[in-house]
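All residue numbers refer to positions in the sequence shown, counting from 1. Just follow the structure's listing: the first ligand is 1, and inside any ligand the first atom is 1. Quick note: numbers below take in every heavy atom, side chains included, and nothing from hydrogens, waters or symmetry partners.
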Amino acid sequence: MRAMNSNEIRETYLNFFKEHGHTIMPSASLLVLNDPTLLWNNAGVTPLKKYFDGSMIPVNKRLTSCQKCIRTNDIESVGDDTHHTFFEMLGNFSIGDYFKDEAIEMAYELLTSKKYFGFPKEKLYFTVYASDNDAYNKWLSLGVDENHIVRLESNFWEIGEGPCGPDSEIFYDRGEEFDKEGLGVRLLKEEIDNMRYVEIWNNVFSQFNSKEGVKREDYKELPSKNIDTGMGLERMTCVLQGVTSSYDTDLFKKIIGKIEEL
Ligand code: GLY
């Protein structure tokens, strides 16, 4: 794995997707304009909803960004090693361009190639939506061990109203030191809260538009099949710098040091 500072991680991600035909979008403001369903941006995809629902046409069907976010739906976990209310979300997006195959291939290349992040393949685990054989088989075709792929009914990403769909999450195994009971992959299969497997990337296969008061099976299809991904910068930095918590990374250390001094 390559030791990198947080700026290098951000640049490596955005430049990889630029090399793969994406336009780098600046982060939108945290405060949301013209969307009564949101108080603030809570994911990379939220400022792009207008492209996913077809109400606006993007400059490029391939976009990438590092979006400032505030997320509170998992606030019970904030304060552990890797959950934050404010964070930066790296993401790559396809608006009716590539779909599952290419999204999964690019994610795997960026994570495992020595040219980029260089993760050891045996340290990565993948979850897929229970009935998503396409995603399951795609990971297998890249050489992933079947014992490292877990099917989960809960792998469906949605947050508020907007683009949503089945997803495939990528986890980094921090090892037995973070798993005192030695439960191993059961932690993922049984969705037990843990600090061993850290979710570093989520690939959402965005096909539906969620609406409050509408059941999931009745969500309308979006005009096209899209990709929406999220890789939390703070978590990725924590894992790549080999520290226990995001607060021990270069993103926070100087700030915490200054507070201590004061
Ligand atoms: N939109 C994908 C994520 O935030 O995980």
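- Counting protein heavy atoms only, atom 4 (O) of ligand 1 is closest to Arg71 NH2, 2.8 Å.
- Both tests hold for Arg216 against Phe156: distance to the six-membered ring centre under 6.0 Å, angle to the ring axis within 45°.
- For atom 5 (O) of ligand 1, the closest non-hydrogen atom of the protein is Asn202 ND2, 3.3 Å.
- Figure legend: cation-pi geometry between Arg62 and Phe93 absent, as NZ or CZ is not positioned both under 6.0 Å from the six-membered ring centre and within 45° of its axis.
- Considering backbone and side-chain atoms alike, Thr229 places every N or O at 3.5 Å or more from each N or O of ligand 1.
- The side chain to side chain contact (heavy atoms under 4.5 Å, CB included) test with Phe16 is passed by exactly one of Lys115, His22, Met106: Met106.
- Close contacts of ligand 1 with Val204, meaning ligand atoms under 4.0 Å from a residue heavy atom, involve 2 (C).
- A donor-acceptor pair is defined here as one N or O able to donate and one able to accept, closer than 3.5 Å; no such pair exists between the side chain of Asp173 and the backbone of Tyr197.
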